[in-house]
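Notes follow once the structure below has been shown.
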Number of protein chains: 2
Amino acid sequence: MTVSKTAEKSAEKAAEATKGRKDPPEALAEALQLGELSEQLGYVLKRAQLKVFENFLRCVASLQLTPAQFSVLLLVEKNPGRNQTEIASTLGILRPNFVAMLDNLESRDLCARIRSTNDRRSHILVLTDKGKAVLARAKKLVASKHEARLNDLLGTANREALIAMLSKIANEF
Amino acid sequence: MTVSKTAEKSAEKAAEATKGRKDPPEALAEALQLGELSEQLGYVLKRAQLKVFENFLRCVASLQLTPAQFSVLLLVEKNPGRNQTEIASTLGILRPNFVAMLDNLESRDLCARIRSTNDRRSHILVLTDKGKAVLARAKKLVASKHEARLNDLLGTANREALIAMLSKIANEF
DNA sequence: TATTGTTATACTCTATAACTATA
DNA sequence: TATAGTTATAGAGTATAACAATA
């Protein structure tokens with residue numbers, strides 16, 4: 001590629017600038033300036049989301065549940081008798097991608113697919129007894145560890161305001 | 001797999017329940033109950049993040065910039081003279097994955113890699129003139145379309161409070 | 001010996017087309 | 001003809017190991 005004349009000049013200046021600076025471990029490299037990045041909603045949203053998912057995974061590690069799997073179990077429990085298409089589309093999961101997810105949950109005996117007697121193309125989804133028990137334990141872990149950690153950080157009122165704003169963005173943006 | 005006795009029973013009940021309900025387009029399927037899902041921070045965070053990225057892409061579509069590319073340009077502009085490792089790690093991008101990203105930006109003449117005269121292993125990153133111009137246009141589009149849309153939805157004060165809370169989560173959770 | 005940029009590679013997510021069985 | 005579940009597949013995004021050049 002070709003670099004413009006002025007780009008070359010500023011590049012030389014930049015390269016010169018590093019001459020006086022020692023690299024670690026000789027000296028601690030100065031932290032970079034985030035600048036406008038720290039005000040970019042998308043940026044902080046993505047970083048926060050990664051942290052929250054990471055913490056969620058740690059909190060329910062004993063149950064081996066991902067945030068996506070937890071959301072499926074919650075939705076099936078709340079809406080018994082719905083089929084795969086309905087559950088998947090509500091969660092924003094494409095039907096083809098939902099198949100392997102359900103295979104996993106079903107192989108662990110957490111939920112079951114039942115052929116609908118009404119429309120034999122459909123698979124009705126239900127939680128097994130084990131699925132209900134695991135979900136109940138997951139809810140307790142999430143409340144006592146995950147949500148509690150967040151309440152400590154923000155305060156309960158702020159946490160609720162945060163969720164309200166995020167819901168508004170998710171639904172109306 | 002095997003379904004427990006009670007799971008079979010609730011499954012039959014669930015299958016029965018669908019008999020009386022017509023599927024679309026014969027009748028509108030009732031919307032599912034989100035239940036506790038709408039209070040799960042991780043869930044609303046992820047859905048909101050997807051919407052925000054989607055809107056960002058539309059707003060800067062004329063410049064063909066992704067949120068990740070925008071963040072690289074912003075950070076390089078704010079921190080001229082830093083190398084690939086420093087820029088990548090600040091953004092949470094792994095060095096191997098940063099190579100293709102830079103190849104893309106450099107092939108479009110938006111930024112340039114310059115061998116450091118100080119440490120010939122390093123590539124100093126700088127924006128080209130075109131990169132600076134594109135970034136300036138991107139900032140204007142983001143401010144006038146993306147951020148403005150968000151201010152309309154939440155109000156400026158709420159938008160700032162939201163970013164402050166997300167930053168806190170990203171940095172301290 | 002350690003670090004920078006790089007390649008190769010693999011695994012997860014996400015997205016689309018097309019098949020089957022049912023309607 | 002259309003729909004539900006499925007398969008195959010392709011593309012992002014993300015992760016680790018290892019190599020060449022340099023320190």
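Letters A, B, ... are given to chains in the order of the sequence lines, protein chains preceding strands, and every chain is numbered from 1.
- The separation between Gln49(B) atom CD and dC13(C) atom P is 14 Å, rounded to whole Å.
- Ring orientation note: the planes of Phe70(A) and Phe56(A) are tilted relative to one another, at an angle of 30° to 60°.
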From CA spacing to verdict: side-chain contact (heavy atoms from CB on, under 4.5 Å), Leu45(B), Leu166(B): CA-CA 10 Å; Leu45(B) 205 41; Leu166(B) 291 173; 3.8 Å; yes

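- Distance, Leu57(A) CG to dT12(C) P: 13 Å, rounded to whole Å.
- Whole-Å rounding puts the Leu91(B) CG to dG13(D) P distance at 14 Å.
- If you check dG5(D), dT22(D), dA23(C) against the side chain of Asp119(A), the one that comes closest is dA23(C).
- Against DNA chain D, the stretch residues 95-103 of chain B makes heavy-atom approaches under 4.0 Å through Pro96(B), Asn97(B).
- Atoms CG (Leu50(A)) and C1' (dC13(C)) sit 13 Å apart, rounded to a whole Å.
- A distance-only check finds no donor-acceptor pair linking the side chain of Arg95(B) to the backbone of Ser89(B) [under 3.5 Å].
- Proximity of Arg120(B) to the phosphate of dA20(D): no side-chain N or O atom is located under 4.0 Å from OP1 or OP2.
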Is there a side-chain contact (heavy atoms from CB on, under 4.5 Å) between Leu125(A) and Leu102(A)? Walk through the geometry before answering. CA-CA 9 Å; Leu125(A) 298 181; Leu102(A) 273 184; 3.7 Å; yes

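- Sorted by first and then second residue, the salt bridge (Lys or Arg N to Asp or Glu O under 4.0 Å) pairs involving residues 149-173 of chain B (not counting sequence neighbours) are Glu147(B)-Arg159(B).
- Under the 4.0 Å criterion applied to side-chain N and carboxylate O atoms, Glu36(A) and Lys78(B) are not assigned as salt-bridge partners.
- Rounded to an integer number of Å, the gap from CD1 of Ile93(A) to C1' of dT16(C) is 17 Å.
- Along DNA chain D, the nucleotide closest to His123(A) and the one closest to Lys46(A) are compared, and the more 5′ of them pairs with His123(A).
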Thr90(A)/Arg82(A) under side-chain contact (heavy atoms from CB on, under 4.5 Å): CA gap, chis, key distance, verdict: CA-CA 11 Å; Thr90(A) 299; Arg82(A) 298 295 192 141; over 6 Å; no

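- Put simply, CD on Gln84(A) is 17 Å from P on dT3(D), counting in whole angstrom units.
- Remark: Arg121(A) is not in phosphate contact with dT3(D), judged by side-chain N or O atoms under 4.0 Å from OP1 or OP2.
- Residue Thr85(A) places at least one side-chain N or O under 4.0 Å from the OP1 or OP2 atom of dG5(D).
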